[in-house]
**Student:** 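Quick one: the structure is below, questions incoming.
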Amino acid sequence: MSLNQKAKTLKDIKFSVLDLAPVIVGGTPCDSFKNTVDLAQHAEKWGYERYWLAEHHNMPGIASSATSVVIGHVAAHTNSIRVGSGGIMLPNHAPLVIAEQFGTLESLFPGRIDLGLGRAPGTDQMTAYALRRDRRSNGQDFPEQLAELREYLQPTEELRVRAVPGEGLDIPIWLLGSSGFSAQLAGTLGLPFAFASHFSPDNTLPALKVYRDHFKPSKVLDEPYAMVGVNVIAADTADEAHRLSTSMQQQFLNLVRNQPTQLQPPVDSMDDLWTPFEKQTLNQQLGSSVIGDKQMVQEQLQAFLDETGADEMMVNAQIYDHKARLRSFEIVSEVVR
């Protein structure tokens with residue numbers, strides 16, 4: 001945090017939920033969606049600001065590939081919490097389709113829909129080809145796609161191709177990123193920025209600096225607004241939290257090995273599962289994760305806030321047991337109230 005920023009406490013900022021709709025070993029996507037609705041309803045009751053779902057493809061452990069559909073399902077089963085995408089991977093879609101989908105969502109649930117956009121494929125290269133059809137597409141035209149999408153939603157001139165529904169609706173657009181590219185673009189356009197600290201901790205502070213340094217006031221924002229993602233595994237005891245966190249570690253380990261699987265049950269020790277090099281790699285990739293009991297979680301979240309000066313934190317918790325996952329989010333809500 002820069003010296004000219006006022007120190008913040010956890011009560012000064014908003015907290016939100018990132019849900020990957022995890023499919024656990026022995027479970028089904030149907031089970032995942034039931035758990036998603038249950039978590040969203042609890043999150044609303046516990047005072048979380050927004051509930052985002054992420055677009056991933058060809059991942060056996062993530063059920064939110066049809067992200068817009070799941071957003072509508074969650075919004076229909078909640079009353080006030082904002083629901084959105086964290087994010088929609090725009091290069092996988094025609095901008096008109098996203099304008100129509102989120103125009104539909106905003107028309108169904110006025111004032112509750114967020115549109116978070118990323119430029120990564122959210123999958124492996126072969127699946128990205130299957131999604132995009134154009135094998136030359138690599139996300140480099142993201143600024144042009146974004147401009148096209150924004151023009152459909154808020155036209156500056158009469159368009160022959162119109163987004164219906166969508167045109168004229170005020171749908172908040174966020175840019176998501178794990179590097180400096182989207183940070184600079186979000187700053188230049190005066191849009192809110194969400195950084196994927198939960199899997200790219202080393203790039204967090206540089207990206208936030210790029211965003212704030214390049215920020216220009218807009219019709220959307222007068223000042224920068226930065227949200228950071230953070231893995232939080234909380235439990236009533238530190239030992240239990242660390243045990244629960246092994247499901248997340250196994251998930252990332254399988255991704256590193258290019259062998260994505262369903263979310264695995266926790267284990268007492270990871271020592272027999274990873275090599276020393278893999279352990280070091282994962283400890284670096286998951287370096288911003290917050291794991292522990294209530295007091296430890298409070299201390300670690302405050303330290304992360306002190307470091308980043310974030311305006312909002314989005315909590316992710318890849319926990320195998322649904323009741324334990326609920327308890328983790330409940331502990332965070334108790335800490336930040």
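Quick note: numbers below take in every heavy atom, side chains included, and nothing from hydrogens, waters or symmetry partners. No experiment lies behind these values; they were computed from the predicted model shown.
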**Student:** Is the shortest side-chain heavy-atom distance between K11 and V336 below 4.5 Å?
**Tutor:** no

**Student:** I'd like to know whether CD of Q280 has more than 12 heavy-atom contacts from other residues, nucleotides or ligands below 6.0 angstrom.
**Tutor:** no

**Student:** Could you work out, with ring pair (Phe, Tyr, Trp, His ring centres under 6.0 Å) as the rule, every residue matching W174, not counting sequence neighbours?
**Tutor:** W52, Y225

**Student:** Check ring pair (Phe, Tyr, Trp, His ring centres under 6.0 Å) between W274 and all other residues, then give those that pass, not counting sequence neighbours.
**Tutor:** none

**Student:** Assess, by modelled atom type and distance only, whether the side chains of N203 and S179 contain a donor and an acceptor separated by less than 3.5 Å.
**Tutor:** no

**Student:** Would you say S197's side chain and V230's backbone share a donor-acceptor pair under 3.5 angstrom?
**Tutor:** no

**Student:** Checking H42 now: which residues fulfil ring pair (Phe, Tyr, Trp, His ring centres under 6.0 Å) with it, not counting sequence neighbours?
**Tutor:** W46

**Student:** Check whether Q300 reaches the backbone of Q298 with its side chain - one donor and one acceptor, N or O, closer than 3.5 Å.
**Tutor:** no

**Student:** Taking the side chain as every heavy atom from C-beta outward, state whether L263 and V25 have any atom pair closer than 4.5 Å.
**Tutor:** no

**Student:** Can you list every ring-ring contact (aromatic ring centres under 6.0 Å, His included) pair that touches residues 59-99, not counting sequence neighbours?
**Tutor:** H73-H77

**Student:** Using modelled atom types only, decide if a donor and an acceptor are shared between the side chain of T275 and the backbone of E278 within a distance under 3.5 Å.
**Tutor:** yes

**Student:** To check you understand the geometry: which heavy-atom pair defines the closest contact between E44 and N79, and what is its length?
**Tutor:** OE2-N, 2.8 Å

**Student:** Which pairs with one or both residues in residues 76-97 pass salt bridge (Lys or Arg N to Asp or Glu O under 4.0 Å), sequence neighbours excluded?
**Tutor:** R82-D114

**Student:** Between D19 and R325, does any side-chain N to carboxylate O distance fall below 4.0 Å?
**Tutor:** yes

**Student:** Can you list every ring-ring contact (aromatic ring centres under 6.0 Å, His included) pair that touches residues 275-320, not counting sequence neighbours?
**Tutor:** none

**Student:** Can you find a pair of side-chain heavy atoms, one from L146 and one from I173, that are under 4.5 Å apart?
**Tutor:** yes

**Student:** Please report the shortest heavy-atom distance between P60 and P260, naming the atom on each side.
**Tutor:** CG-O, 3.6 Å

**Student:** Check step by step if side-chain hydrogen bond (donor to acceptor under 3.5 Å, both in side chains) holds for D306 and Q302.
**Tutor:** CA-CA 6 Å; D306 292 341; Q302 183 62 55; 2.8 Å; yes

**Student:** Quick check against the 3.5 Å criterion: does E312 have a side-chain atom that pairs as donor or acceptor with the backbone of F15?
**Tutor:** no

**Student:** Establish, from distance only, whether the side-chain atoms of Y152 and E148 form a donor-acceptor pair under 3.5 Å.
**Tutor:** yes

**Student:** Find out if a path of hydrophobic residues (ILVMFWY) with successive side-chain heavy-atom gaps under 4.5 Å connects F329 to L10.
**Tutor:** yes

**Student:** Quiz question: by atom type and distance under 3.5 Å, do the side chains of T156 and E151 form a donor-acceptor pair?
**Tutor:** yes

**Student:** Where the side chain of S218 meets the backbone of L221, is there a donor-acceptor pair that is under 3.5 Å apart?
**Tutor:** yes

**Student:** Quick check: does any side chain N or O of N283 sit under 3.5 Å from a backbone N or O of K279, one acting as donor and the other as acceptor?
**Tutor:** yes

**Student:** Locate the shortest heavy-atom distance separating G180 from V210; write the atom from each residue and the value.
**Tutor:** O-CG1, 4.0 Å

**Student:** side-chain contact (heavy atoms from CB on, under 4.5 Å), that's the test. Do D268 and R243 meet it? Break it down for me.
**Tutor:** CA-CA 6 Å; D268 293 330; R243 182 176 180 276; 3.2 Å; yes

**Student:** Just so I know, are the side chains of K14 and M227 near enough to count as touching, which here means a heavy-atom distance under 4.5 Å?
**Tutor:** no

**Student:** Is S328 reaching over with its side chain to a backbone N or O of A234, donor-acceptor style, under 3.5 angstrom?
**Tutor:** yes

**Student:** Same cluster or not: are Y51 and I319 linked, directly or through other Ile, Leu, Val, Met, Phe, Trp or Tyr residues, by side-chain heavy atoms under 4.5 angstrom apart?
**Tutor:** no

**Student:** Test: salt bridge (Lys or Arg N to Asp or Glu O under 4.0 Å). Region: residues 225-235. Which pairs qualify, not counting sequence neighbours?
**Tutor:** none

**Student:** Any pair with a residue in residues 228-241 that passes side chain to side chain donor-acceptor pair (under 3.5 Å), sequence neighbours left out, goes on the list, sorted by first then second residue, please.
**Tutor:** N231-S289, N231-N316, D236-R327

**Student:** Any chance the side chains of T28 and D31 put a donor and an acceptor closer than 3.5 Å?
**Tutor:** yes

**Student:** Can you list every pair that meets salt bridge (Lys or Arg N to Asp or Glu O under 4.0 Å) and has a residue in residues 90-113, with sequence neighbours left out?
**Tutor:** none

**Student:** I'd like to check P165 versus T104 (side-chain heavy atoms, cut-off strictly below 4.5 Å). Are they in contact?
**Tutor:** yes

**Student:** Evaluate the criterion side-chain contact (heavy atoms from CB on, under 4.5 Å) for residue pair I13 and D311; output intermediate values, then yes/no.
**Tutor:** CA-CA 6 Å; I13 69 168; D311 301 291; 5.6 Å; no

**Student:** Over all heavy atoms of both residues, which pair between A54 and G86 is shortest? Give the atoms and the distance, please.
**Tutor:** CB-O, 3.4 Å

**Student:** Any chance you could measure D222, atom CG, to K216, atom NZ, to the nearest 0.5 Å?
**Tutor:** 16.0 Å

**Student:** Report yes if the side chains of L301 and V232 come closer than 4.5 Å at any heavy-atom pair, otherwise no.
**Tutor:** yes

**Student:** Please identify each residue that fulfils ring pair (Phe, Tyr, Trp, His ring centres under 6.0 Å) with H242, with sequence neighbours left out.
**Tutor:** none

**Student:** Test your reading of the model: is there a side-chain donor-acceptor pair from D293 to the backbone of M296, 3.5 Å cut-off?
**Tutor:** yes

**Student:** Please collect all ring-ring contact (aromatic ring centres under 6.0 Å, His included) contacts where either partner lies in residues 183-206, sequence neighbours excluded, each pair once.
**Tutor:** F193-Y211

**Student:** Taking everything shown except Q295 itself, do over 12 heavy atoms lie less than 6.0 Å from its CD?
**Tutor:** no

**Student:** Among pairs that include at least one residue of residues 166-192, which meet salt bridge (Lys or Arg N to Asp or Glu O under 4.0 Å), considering only residues two or more places apart or in two chains?
**Tutor:** R162-E167

**Student:** Under a 4.5 Å cut-off applied to non-hydrogen side-chain atoms, are I171 and L153 in contact?
**Tutor:** yes

**Student:** Can any side-chain N or O of Q154 pair as donor or acceptor with the backbone N or O of L169 at less than 3.5 Å?
**Tutor:** yes

**Student:** Under a 4.5 Å cut-off applied to non-hydrogen side-chain atoms, are L255 and M59 in contact?
**Tutor:** yes

**Student:** Would Q101 and S68 count as a side-chain hydrogen bond (donor to acceptor under 3.5 Å, both in side chains) if you check the C-alpha gap in whole Å, the side-chain angles of each, and the deciding distance to 0.1 Å?
**Tutor:** CA-CA 7 Å; Q101 288 179 359; S68 301; 2.7 Å; yes

**Student:** Has S16 got a side-chain atom pairing as donor or acceptor with M314's backbone, closer than 3.5 angstrom?
**Tutor:** no

**Student:** Before you tell me yes or no, could you show the steps for T9 and D12 under side-chain hydrogen bond (donor to acceptor under 3.5 Å, both in side chains), namely the whole-Å CA-CA distance, both residues' side-chain angles and the distance that decides it to 0.1 Å?
**Tutor:** CA-CA 5 Å; T9 70; D12 293 328; 3.1 Å; yes

**Student:** Assess whether side-chain contact (heavy atoms from CB on, under 4.5 Å) is satisfied between V267 and L273, documenting all intermediate values.
**Tutor:** CA-CA 10 Å; V267 294; L273 299 180; 4.1 Å; yes

**Student:** Working note: L208 + R212, criterion side-chain contact (heavy atoms from CB on, under 4.5 Å); need CA distance, chi angles, decisive distance, verdict.
**Tutor:** CA-CA 6 Å; L208 291 178; R212 290 164 178 152; 3.9 Å; yes

**Student:** Could you tell me which non-hydrogen atom of V220 sits nearest to which non-hydrogen atom of G190, and how far apart they are?
**Tutor:** CB-O, 3.7 Å

**Student:** Quick one about S200 and S178 (side-chain donor to acceptor, distance below 3.5 Å, no hydrogens or angles considered), yes or no?
**Tutor:** no

**Student:** When clusters are formed by joining ILVMFWY residues with side-chain heavy atoms under 4.5 Å apart, either directly or through shared neighbours, do V70 and L20 land in the same one?
**Tutor:** yes

